[in-house]
Student: 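Right, I'll just put the structure down here and ask away after.
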Amino acid sequence: MKSKPHIAVVGAGAFGGWTALHLLEHGARVTLLDAWGPGNSRASSGGETRVMRGTYGPDQPYTEMAARALMLWQKYERRWKRRFLHRTGVLWMASGHNEDHAFESGSVKMLRAAKIKFQELSAAQMSKRWPQVNFEGIQWGIFEPQCGYLDARASCQAVVEAFVAAGGKYQQQAVMGDGLENGPLRKLALSDGSQLKADCYVFACGPWLGKLFPQAIGDLIQPTKQDVFFFGTPAGDDRFTDAHLPVWADHRGRFRYGIPGSDRRGFKIADDTRGSLFDPTHGERVVSPETLKDIREYLAFRFPALKGAPLVESRVCQYEQTPDSHFIIDRHPQMENVWIVGGGSGHGFKHGPAIGEIMAELILQEREPAPIWSQSRFKKKLTTEGAESTTGFTL
């Protein structure tokens, strides 16, 4: 690798934007590209908010990565004098069923090892602390007071602004995908008819990676449709704002999660079950009436004061799902100067700063990625259409 290599990063979302910034800070010359801009409505990193948490179950690398990401979010917040991480805390509700219990109980050891603060709470303790929640069917929970939610779109835009201010070059251009896998990659054809040459190329294109690299990725990354709902709370009632309620996740039955009302957007809630396959470019982003009906019923059960609450906003995002819910961070198998980073699988956003740091080290120090993120771990292509979340890696 040259002492000051030119690196092109394609995709300015959570993975690509932070990768570009870290590469720049470590001495590379970097050009960052995005077809529609950082945090746009088609992107997996779009939307208002994302969950920041360390609870992930047993035997996985993400709790430790979340601890590092927490430090980096704080570092850049101080540097930029802006706030993106809202430390409302995150509450995990455990029903006591074997699968749910194993996830939460397995998380305790990992949280302790990563030095992420947490509390184990009984149902009685949770009911006393958050009386606006009906804890029926819940036996205990984990509360992470240092965690909470992140401003998604705003932080993606801030990363690109900082990247440009530090000397990086940003272009809102699409990369023409034809022939990317036809031999050594020496230049990119862009949507304005120009070409971009670089020493190394990083593709952080989220749900588009399978189409850009049909041979190396194909359907190993599948975009799934995920409906998100925002409900209006009673006038003058602040019990469901982030001042009085944490981010929460409920493993009882179907896995649902929510973020309390913030920035006057409403009470956010979603079902984490993987939706149908979705086209991130041309798909119509209209929520399913069936999912809305199910969410309303759940809302009335778990948050009784919100029974009959009006739907004030909705949106459709997508997960970029891998068969095992682990990320893909690896070189293209046929091109040494091409890196692929993606497969966030519904839980990648929070890790953006740590992923950027990892990518800068891998590229500039010419290191090998961890086997858990290697593309070669897949022995055969799998489909996840309609599959439910069972790993607990999402959010």
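Excluded from the calculations below are hydrogen atoms, water molecules and symmetry mates; all remaining heavy atoms, backbone and side chain alike, are included.
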Student: Sequence neighbours excluded, which residues qualify as ring-ring contact (aromatic ring centres under 6.0 Å, His included) partners of Phe163?
Tutor: none
Student: Please enumerate all residues that pass side chain to side chain donor-acceptor pair (under 3.5 Å) together with Asp178, with sequence neighbours excluded.
Tutor: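 Once residues adjacent in sequence are excluded, Asp178 has no partner under the side chain to side chain donor-acceptor pair (under 3.5 Å) criterion.
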Student: Do Val133 and Phe303 touch side chain to side chain, with heavy atoms closer than 4.5 Å?
Tutor: yes
Student: State which residues pass ring-ring contact (aromatic ring centres under 6.0 Å, His included) with Phe213; sequence neighbours excluded, sorted by chain then number.
Tutor: Phe203, His332
Student: Ring-plane angle category for His22 and His26, please: parallel below 30°, perpendicular beyond 60°, tilted otherwise.
Tutor: tilted
Student: For Phe301, which fellow cluster members are found when Ile, Leu, Val, Met, Phe, Trp and Tyr are connected by side-chain heavy-atom distances below 4.5 angstrom, either directly or through intermediates?
Tutor: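 Result for Phe301 is none, singleton.
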Student: Should the pair His251 and Phe255 be assigned to parallel (<30°), tilted (30 to 60°) or perpendicular (>60°) ring geometry?
Tutor: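 Rings of His251 and Phe255: tilted, 30 to 60°.
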Student: Please test Arg256 against Asp250 for salt bridge (charged side-chain N to carboxylate O under 4.0 Å, His left out), starting from the C-alpha separation and ending with a verdict.
Tutor: CA-CA 5 Å; Arg256 301 175 181 89; Asp250 186 354; 5.8 Å; no
Student: Under 6.0 Å between ring centres: does that hold for Phe267 and Phe231?
Tutor: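 No, ring centres 6.0 Å or more apart.
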Student: Dump the intermediate steps for salt bridge (charged side-chain N to carboxylate O under 4.0 Å, His left out) on Glu64 and Arg68, then the final yes or no.
Tutor: CA-CA 6 Å; Glu64 183 178 354; Arg68 178 59 183 164; over 6 Å; no
Student: Over 60° means perpendicular and under 30° means parallel, so classify the ring planes of Phe327 and Trp373, tilted if in between.
Tutor: parallel
Student: Under the side chain to side chain donor-acceptor pair (under 3.5 Å) rule, collect the residues that match up with Gln119, sequence neighbours excluded.
Tutor: Arg129
Student: Please identify each residue that fulfils ring-ring contact (aromatic ring centres under 6.0 Å, His included) with Trp73, with sequence neighbours left out.
Tutor: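 Here the qualifying residues are Trp18.
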Student: Using salt bridge (charged side-chain N to carboxylate O under 4.0 Å, His left out), reason through Glu77 and Arg82 one step at a time and then give a plain yes or no.
Tutor: CA-CA 5 Å; Glu77 282 183 323; Arg82 296 183 64 179; over 6 Å; no
Student: Minimum heavy-atom separation for Arg153 to Arg315, with atom names?
Tutor: NH2-NH1, 4.1 Å
Student: How far does CD of Glu104 sit from CD1 of Ile142, to the nearest 0.5 angstrom?
Tutor: 5.5 Å
Student: Using a distance-only test with no angle check, is there a side-chain donor-acceptor pair under 3.5 angstrom linking Thr224 and Gln226?
Tutor: yes
Student: In the hydrophobic clustering (ILVMFWY, side-chain contacts below 4.5 Å, transitive), which residues join Met176, or is it alone?
Tutor: none
Student: Going by side chain to side chain donor-acceptor pair (under 3.5 Å), name the residues that satisfy it together with Glu361, two or more places apart in sequence or in a different chain.
Tutor: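 Arg367.
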Student: Per the salt bridge (charged side-chain N to carboxylate O under 4.0 Å, His left out) rule, what does the pair list look like for residues 11-35, sequence neighbours excluded?
Tutor: Glu25-Arg79
Student: For the residue pair Ala8 and Leu188, what are the closest heavy atoms and their distance?
Tutor: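 Scanning both residues, the minimum pair turns out to be CB-CD1, 4.4 Å.
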Student: What's the spacing between Glu48 CD and Leu150 CG if we round to 0.5 Å?
Tutor: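 One gets 13.0 Å once the value is rounded to the nearest 0.5 Å.
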Student: Taking the six-membered ring where the residue is Trp, are the ring centres of Tyr319 and His347 under 6.0 Å apart?
Tutor: no
Student: Tell me every residue that passes side chain to side chain donor-acceptor pair (under 3.5 Å) with Gln132, counting only those two or more places apart in sequence or in another chain.
Tutor: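 Checked Gln132 against side chain to side chain donor-acceptor pair (under 3.5 Å); zero matches.
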Student: Are Trp339 and Trp208 in one and the same hydrophobic cluster, where Ile, Leu, Val, Met, Phe, Trp and Tyr link if side-chain heavy atoms are under 4.5 Å apart?
Tutor: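 Different clusters: Trp339 never reaches Trp208 through Ile, Leu, Val, Met, Phe, Trp or Tyr contacts under 4.5 Å.
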Student: Give a yes or no on this: more than 12 heavy atoms of other residues, nucleotides or ligands lie within 6.0 Å of atom CD of Glu284.
Tutor: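 No, not enclosed.
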Student: What salt bridge (charged side-chain N to carboxylate O under 4.0 Å, His left out) pairs are there with at least one residue in residues 179-191, not counting sequence neighbours?
Tutor: none
Student: With Phe143, which residues qualify under ring-ring contact (aromatic ring centres under 6.0 Å, His included), at least two apart?
Tutor: Trp130
